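Here's the structure, in structure tokens; my notes come after.
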Amino acid sequence: MKKVFMLMTLLVLSFSLIFAIQLPAGISRSETLICDIDGGRVGNPNLWNPYAPGWRGDAGLHTVVMEYMWEINSQTGKWVPLLAEGFPEALDDTYTKWRIRLKEGIYWSDGVEFTAEDVAFSIMMLATHEEIPIYTFWHGLIKEAKAEDKYTVYIELKRPYAKLITLFASVVWGPQFKVVPKHIWEKVDDYAKFENNPPVFTGPYVLKDYDPSGYWFLYEKRKDWDRSGLGKTVGEPTPKYILYYTYGTEEKRIIAAAQHNLDQLVALTPEGWDALRRRDKYAMAWYKSFPWGWPEDPCAKGITFNCAKPPFDNKLVRWALILAIDAVEVNKRGFGGTVKYSPYHIPPLTAYKEPYFDPLDSWIREFSLPDGYKPFDPEIPVKTAKEYAPKYDIPTDPESAKDMFGYGWWKYDPVEAEKLLKSQGFTKKDGKWYLPNGEPWRITIVGHGAFNDSTRIALIVADQWRRFGIDANAQLVEASAFTAMHQTGDFEVSTGWPGCGAIADFWSSIGNGFHKRWVKPIGEVTTSNVQRWVNDEYSRLADEMEKYQPTDPKVVEIGREMLKILIEEQPFTPIVGTTKIVPVDTYYWEGWPTFDNQYMAPTWWWGNFKLILPHLKPTGRK
Amino acid sequence: MAEKLLEINHAQIYYATLAGYVKAVDNVNFDINEGEIVGLAGESGCGKSTLIKSIYGFIKYPMKAISGEINLLTNGNKLNMLFVEKEELRKVRWKYISYVPQASLHVLNPVTRIKKQFLESVKREHNVKEKEAMDEVKEYLKSLGLPPDVLDSFPHQLSGGMQQRVIIAMATFLKPRIVLADEPTTALDVVVQRGILQMLRDIQKELKNSLIIVSHDMGVHYQITHKIVIMYAGKIAEIGPTDEIFNNPYHPYTRLLINSLPRIGDREQRSGIEGSPPNLLNPPEGCRFNPRCPSKMKICEEKIPEMVEISKGHFVACHLFQKNGKRVKEDAE
Amino acid sequence: MQSSGKLLELKNVSKIFKIGGLILGTELRAVDNVSLSIDSEKPVIVSIVGESGSGKTTLARMILRLIEPSEGQILLNNRDITQLKKADELLEYRKIVQPIFQNPFAAFNNLRRVSSYLYDTAYSICGAKSKEEANKMIAEVLEAVGLSFEKVVGRYPKQFSGGELQRVSVARALMPRPKLLIADEPVSMVDASIRMNIMNLFKTLKDDYNVSCLYITHDLSTAYYVSDFIAIMFRGNIIEYGPSDLVLTQPLHPYTELLMSSIPRVDKKWQEDIKLSGIEVKEYESTGCKFALRCPYTKDICKKSRPKVIKTNDGREVMCFKYEGKKYEEE
Amino acid sequence: MRFTNYLVSRIVTYFVVIFVSMTFVFLIPRFSPIDPVAALIGRLTAQGNYMDATALEAMQKSLKETFGLEGSVLEQYANFWKRILLGGDFGPSYAMFPTSVNKLIRESLPWTIWLLSLTTVISWFLGNIIGAITGFKKDRWYSKVLENIAMIIRPIPYYIVALTLILLLSYIFPIFPMSAGGASIGVKPSFNWTFIKDALKTAFLPALSLVIVGFGWWFLSMDALSRDVAEEEFVSFAEIKGLTENEIMFRYVMKNAMLPQITALALSMGTIFNGALITEIMFSYPGIGMLLYRAITSADFNLMMGIITISVFAVATACLVVDILYPFIDPRVRYR
Amino acid sequence: MKSKSKKKKIVVSIWDNKRFVVGFTLLMVFIVLGFIISNFSPYDPRSWGTVPEELPPSLKHPLGTTSLGRDVFWFLAEGIKNSLMIGLVAAIVGGAVGVTVGITAGFSGGVIDRILMAITDTFIAVPSLPILILLAFLFKGRASIMVLGLIISIFSWAWPARQVRAMALSLRERDYISMAFFSGEKPYKILFFEIFPHVIPWTIANFINAILVAIGQEATLAVLGLSALEEATLGTGIYWAMQYQAIFRGLWWWIASPVVAMIILFVSLFLTSKGLQEHLASRRS
């Protein structure tokens, strides 16, 4: 028995030497960057056509192989021209004629030069081929695109469109427009069925190998990386190989990172990060310590009301429900205190501080409900800071707290909430609320089952409303049901995230998106304004905003007025910003962007990830 | 004088139940000699099956050997089948003593061909190649009038009678000295029954061994046995040569039993024995037949009658008969 | 119109079962073109004797409506029993016909009290109005079978011996004063010492209660003892029918002869050996006489065609070529 | 004659069951609040793909057209059968448009089949052998120990078993380095030793987890079956014949108790085509289970129908095969 | 050695069966815990933040607390109740439908039998998990404990129906059924008093087994995030512990409690069922 035990131990020990991930011969771990795949396993790894509806770009294609005309620096909100030179030039006052200049000396990975012909071809392809999902929009917009010379594209529109750059430039994840090589794509018959395998693009890496089951994708740096957009603009990306690899569940990703077999993780739950941090001294997130995560994700999470369904069509009812939410508890239970509060309907980004948050600060503090009640509580961030200070040693002064936890949120005041509801004819008996018509008030909060943030907020808010006396429960549904229920208005309250934005001009998101023109009766499908909120003044302001280019200061002016309306009306209520805990393991690679080195945001899953690559340095560990 | 093959001395075999022991075989004695066909007769629950199982050493919980001996006498060795090691038992089984179970369609392994089932017990003893053993088996079957192609069949493809004949062939192939047959023809049709009984008898004649047959059917005993052991409620009521038992039964139970048997061509009114056999958990004191006995005396409720030999080889356990075989009193016929 | 006369009449009744193996499986005529009748004038006991697989139990089950005949008709008082559908017709049917099953322990649900069946019968079939009335009926029939009311009421099947339980079974069947008892092997599970008591019961029922009985058995001795007529079944056919005295003492059909010679009688020892064969199964499929393969008198014709039923002068029927064209007339 | 009748009626039932099942499966998702176009749009917006409301609206329309979802449910239903009957084609996947469902299934199915058939057979064998031993020798100490172990293992939620294995054998003792997919990086599926060795290694942990769980199930049922068989007359007769305990166990008890297990094995083989969702999630193993799960969550009707059709066919066929072949396996059984 | 008991013991007591005694005792502990003790919970087990977070087991919190600020013990008590409820609903509905369909099919025969069996086979052929997931969508709104039980029951009746049908087919041939008919018993009475009692032993074993399977299925749905996640069940207990990485973060009491509870609950149900079956088998023979 003893002998057997000894033998077993020996066996275990000898095996445990096999530690590192197995890479194909000739590829050394120290030259390879291993990245997480955002959406997990890719079901159709053969498909490299970015215009196919089922395309998945998150396994490297749009981060290291494809390049966009303008990438965005997600930390500063500024565009970085990658394939383009400068910004689009409007040739007339009505914004129907445009000119775009391209960088010179960029080549496709198969050696053909990248020119204005490619861009013009790509634009016209979108505008003339019905099988491409975004054809309808482009067809309705583009009159003509042509190469004026080798590096200049001329575009003529069918209608004025001031926001043209947002079609070509990455705003959040990636833009609609992806330039494709004319010499390959012009031979294609059906763009919806084209696989584009192997992919030819301008990016610094090329596809070397991939798993037919879609678990991993290996890319190699181009020998002529200097002829890529990135090479021309930023410099040489460091890793020789990039391996996109999905380990699967969070547990496995944590283990993999702890074993230094995963250099970069797309997102962990706060608890997952806690687990990794304790096991891996090389693991690192945006902040060195609490609250760790990168708080600049461009969508604030909160709750959406279906304004077409009574009693949620009454803004005072909505306000009452908001005052029954304890945001501090949401932050604490849902996110371990790591997220920023978001009273505005745009995410609490650094980029919005100057144009919106600071100018509106005094307004929001004084903002009052019709009965004169001032709902805003600017003390919440300090309170939160104080709560976590003993454990994590963070500053508790108002300014630091604001940086860390945002400007504040609405008071948790069930008494006022009760007052509001009673004023609207609601009654409370035995601690339970009844609708004006006497029925018990039951609310189902729909949450997105696959999104942790959405799930947790739904469950916590349901819990809080129950405590308040409403028979609330949370229903978590899968992605498709979540979207479909929103589109048809088949919900009462949900935990969605319609309040997105990354650049000061939020016209394309909440501006146009909340326009009354999208509102359809319940049962009919609408893709925007799913909260079915009709506000004439807001819609008018949105139309006004549309007339200016994104960089126009007028945009911000109008935007502030729009935000005031949203705050007053609350068609949806953001609660917290999204903090992404996107850690890296610095065992093999360092030079990652952090709070102390904010050259970029840690948006590994965006197209702009390539902008980070030249900053990485190998540690030299084997 | 024929050799004694088996002696049963004071065998007590009980069944353990939650309510106590069921005294299925209680203090039974008799011997079996070479060349005899002995019938064990009695009603259901009288202990005849228990006894024959015990003779074979096939004692399984809740059956329990309490005391006594059932000695198998083989080449001068004595083997008490009531208390014997499993290995010892395995050595004598099928070779010195064989057991033919009650005719039933569930005795043979339903998923194995007869051939294999035949050989698996034979090969061990013979230690010969399968082919040779097969030839021998075929020869043997032929000698018994069985078609050798049954060997390639599955049990369910054979009729019940054929299965029983195969089983008998298996049990006698190694020429055992004693063959035990426990209700070998129950549930078989009369024509088949006759054939099987003949077969058992022929084998016995051939091997000159002894055959013990358990049956509740008195006709079976009448037709083929030399000697009958009548059991009642776990005890032996009467032992005697077959013809004598039928012609001149002593024990009231035997007499009533034989009288109750209908005979073709004889329409005379017959009646059964009133009452039913006793519960062996708590059998009646004294003679176990006394509650049903028409000639009951006082002593019958008090004392267990002893076995007395009335004429040569004819024993009876009844207070009506004294040691010398004289009748104590004439009972009303 | 022969409206009177027949209590039970079987007209060319057949039952075809679909059983069989993988490829060779065929239809099995368990009962093949059987005709039989019982007079309603005078109660009789008719025995149906046969080996297992002869179709005797199938026949009984058809008369009890437990299975439907595939061909032919079963008439009870001139009414086709398969046509009885309505509740009152079925009630009437049960007042005329009652069964007695082979194994009394299987016939009584062991989770129920035995007497509950008696009460059910009293209320539902005999139309008892009150508990007293039912008790009276029950006590009466129990007495008839030699049991006491106190001994039976409230007890479970397991608390009886087989003989007692079978007697309860008879008593229950007797309650509606039926005209016909269908007794399927009623004593085969009963010990020899008390078998005769039950057999005598049937005789008593016939004489004292005017109950006819269809006694289904494989035991020739008891059949002889109890019955007025005997039908010998072989592979689905009644091959010989007649008064039991004649059939069993002077058998006509070769099969009956074989059967007779095989009984382990207690008055006559077997003489010469009989031969067993392994061909039993094929007999069902034969187009000729089903016994032809084993019959000592076999002729060519026996294997080719089915013999007809021949009526003899002494009131017997036999199905054998041996008697064709002889002094017996054809039916 | 009789067999033909049986076969015909059995085959008619087979097709009826398949037809009813498919209709049922076709209708259910269409009455659920899920919609493939919404799912795709949802995925794009969740990713933060910046799209103007006007563009989004336009895209929704054109996707509906591309997917052929404009007709009524009845038309779609007719289309579905037409496609299947004319060429066994399930159409394109919606979520992974334009990849065809047939291709997706073709790529996932081999992994599933090889892992699940292997583990099913292994656990079946182990469970049956050990179950026969413990069922026959039920009073031995090891029988009692084994039975208790199986009883305790069986209820452990499968993912806990899987996670424990990963933690134990990939993290604490990293004997089997964590990996994803059916083989290591750079090893391509083909018939050579390198691949087989690699695939075996990769599949070891998921296989182990499935065997552990499957073993408990087969073991417990075999244990119970053997106990029953051990009471049969022919087992007593084997003892009467003087066979040894082991002979009786293998030739009599096991051989007979095995029969229902063979049926059960055939049925489990049919259910293989459902995949093993949790296994695939936990071990990042490519397979049909995950594919199906994704099809459901992304309302990919075609993919869903494709996989479920195969599964229904497999289970129904397994039942059919069992019914038809059982008499060959068990000589006693005849067709009803 | 001789037993001195004079009285005949006709009924063998179920309490003589060791498995049953152990299983039933454990089961009773669970039932008392779930259905009685859970009502005395000082906190709403669904509410978050009722107690300090992440405390290891102590006298005050016998099974510790979670990251969500729930007391594990009280959550578990409620979870046992709800899991048992899911199991009961699924087993009752599935069992009732299965027995009804099986008996109807077995006794009617003919066309009715064929139709019922085709439907039954359909439910056997259709893979359950995907349909359960889809049904979870269909029952939008309140995925309550009841609804969950009902959803699970949709696939829990088909096998029982088949088995009951087989039993009914053999019961149909029994003499005592004919006996009851000839005693003038009404058909419905025959069904309830003659046939049903003989299906009961099997039904009980199947019932317990169905509870077992349903609890396991709920746990599977929970790990996929498809159960009623804000209710306390054994499945959601495990779900939350996994979501908050209880294993990695050393909160063993959080994950171990529902898992161990599940194992003990299963073992108790298993033993009860086995013991019961053994007992009934011994009574029948």
Side-chain angles (χ1 to χ4, degrees), chain A residues 12 15-16 18-19 21-24 41 43-44 47 52-54 131 133-137 166 171-176 192-193 209 211-213 215-216 218 245-249 251-252 255-256 259 298-299 451 478-485 487 490 500 508 512-513 515 518 525 527-528, chain D residues 32-36 38-43 46-63 66 93-99 104 107-108 111 163 166 170-171 173-175 177-182 184-186 189 281-284 286 290-291 294 296-299:
Chain A
V12 166
F15 266 110
S16 54
I18 313 165
F19 221 95
I21 189 167
Q22 243 186 330
L23 292 171
R41 180 187 173 194
N44 48 349
L47 187 68
E131 70 269 23
I134 51 175
Y135 154 82
T136 316
F137 177 77
T166 59
V171 177
V172 174
W173 185 78
Q176 281 183 44
K193 299 224 164 97
D209 196 2
D211 177 13
S213 300
Y215 281 97
W216 53 263
L218 182 63
Y245 199 95
T246 181
Y247 283 94
T249 60
E251 291 85 359
K252 290 186 73 180
I255 295 176
Q259 291 176 338
C299 290
F451 266 84
E478 281 311 320
S480 58
F482 188 79
T483 314
M485 286 162 89
Q487 291 190 344
D490 183 17
C500 294
S508 348
N512 188 18
H515 197 286
W518 306 114
V525 168
T527 44
S528 297
Chain D
S32 308
I34 55 171
D35 173 40
L40 203 64
I41 301 266
R43 200 182 78 206
Q47 233 168 14
N49 221 339
Y50 222 60
M51 213 175 263
D52 176 349
T54 324
L56 211 57
E57 168 113 338
M59 185 161 169
Q60 171 113 4
K61 280 205 185 98
S62 73
L63 279 177
T66 317
S93 154
Y94 297 145
M96 292 170 240
F97 198 89
T99 317
L104 288 169
E107 271 174 10
S108 283
W111 293 109
L163 192 63
I166 294 174
S170 286
Y171 183 61
F173 305 111
I175 301 169
M178 233 174 19
S179 61
S184 299
I185 301 166
I281 294 176
M282 294 304 292
F283 293 97
S284 310
M290 193 63 196
L291 199 64
R294 287 206 168 182
I296 294 167
T297 53
S298 58

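Throughout, a chain's letter reflects where its sequence line sits, starting with A, and its residues are numbered from 1. From a predicted model like this one, the values you see are computed outputs, not experimental measurements.
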message: Assess the residue pair A:V525 and D:Q60 against the criterion (side chain to side chain contact (heavy atoms under 4.5 Å, CB included)); give the C-alpha distance rounded to whole Å, side-chain angles, the decisive distance to 0.1 Å, and a yes or no.
response: CA-CA 10 Å; A:V525 168; D:Q60 171 113 4; 3.3 Å; yes
field: Taking every non-hydrogen atom, the tightest pair across A:Q176 and D:A55
entry: NE2-CB, 3.5 Å
field: Contact origin within A:P298 toward chain D - heavy atom pairs under 4.5 Å
entry: neither
Residue pair A:T483 / D:A38: nearest heavy atoms and the distance that separates them: CG2-O, 3.1 Å
statement: Bottom line for D:E57: the part with an atom under 4.5 Å from chain A's heavy atoms is both
- prompt: Is there a side chain to side chain contact (heavy atoms under 4.5 Å, CB included) between A:Q487 and D:I41 once you walk through the steps?
  reply: CA-CA 10 Å; A:Q487 291 190 344; D:I41 301 266; 4.1 Å; yes
- prompt: Atom OH of A:Y215 and atom OG of D:S184: how far apart are they, to the nearest 0.5 Å?
  reply: 14.0 Å
- line: Bottom line for D:I281: the part with an atom under 4.5 Å from chain A's heavy atoms is both
- request: Hey, could you give me the OG/OH distance between D:S284 and A:Y245, rounded to the nearest 0.5 Å?
  value: 8.0 Å
task: Find the one option among A:P53, A:A484, A:A52 whose heavy-atom pairs under 4.5 Å with chain D are most numerous.
output: A:P53
- prompt: With only heavy atoms counted, which part of D:L56 is less than 4.5 Å from chain A, the side chain, the backbone, both or neither?
  reply: both
D:I166 side, atom CD1; A:T249 side, atom OG1 - distance, nearest 0.5 Å: 6.0 Å
statement: When the 4.5 angstrom heavy-atom criterion is applied to A:F137 and chain D, the contacting part is both
Segment of A:D211 engaging chain D (4.5 angstrom heavy-atom cut-off): side chain
- request: Mind running side chain to side chain contact (heavy atoms under 4.5 Å, CB included) on D:T66 and A:E131 for me, showing each step along the way?
  value: CA-CA 7 Å; D:T66 317; A:E131 70 269 23; over 6 Å; no
field: Toward chain A, the part of D:A299 with a non-hydrogen atom under 4.5 Å
entry: both
- prompt: If you take all heavy atoms of D:Y171 and A:I255, which pair is closest and at what distance?
  reply: CD1-CG2, 3.5 Å
message: Between D:M59 and A:T136, is there a side-chain heavy-atom distance shorter than 4.5 Å?
response: no
Residue part contacting chain A, namely of D:T99, when any heavy atom lies under 4.5 Å: side chain
- prompt: Say you draw a straight line from CG of A:N44 to CZ of D:F97; how long is it, rounded to the nearest 0.5 Å?
  reply: 11.5 Å
message: With a 4.5 Å cut-off on side-chain heavy atoms, are A:W518 and D:T54 touching?
response: yes
message: Between A:L47 and D:M96, is the side chain to side chain contact (heavy atoms under 4.5 Å, CB included) condition met? List the steps.
response: CA-CA 9 Å; A:L47 187 68; D:M96 292 170 240; 6.0 Å; no
message: When you compare the side chain of A:R41 with that of D:R294, does any pair of heavy atoms fall below 4.5 Å?
response: yes
- prompt: So do D:L40 and A:P133 actually touch side chain to side chain, heavy atoms under 4.5 Å?
  reply: no
task: Work out which heavy atom in A:G513 is nearest to a heavy atom in D:A53; give both atom names and the distance.
output: CA-CB, 4.2 Å
message: Under 4.5 Å from any heavy atom of chain A, what part of D:S93 do you find: side chain, backbone, both or neither?
response: neither
statement: Looking only at D:S62, D:G181, D:P286, D:A58, the option with the highest number of non-hydrogen pairs under 4.5 Å against chain A is D:P286
message: Please identify, among A:S213, A:A256, A:G248, the residue contributing the most non-hydrogen atom pairs under 4.5 Å to chain D.
response: A:S213
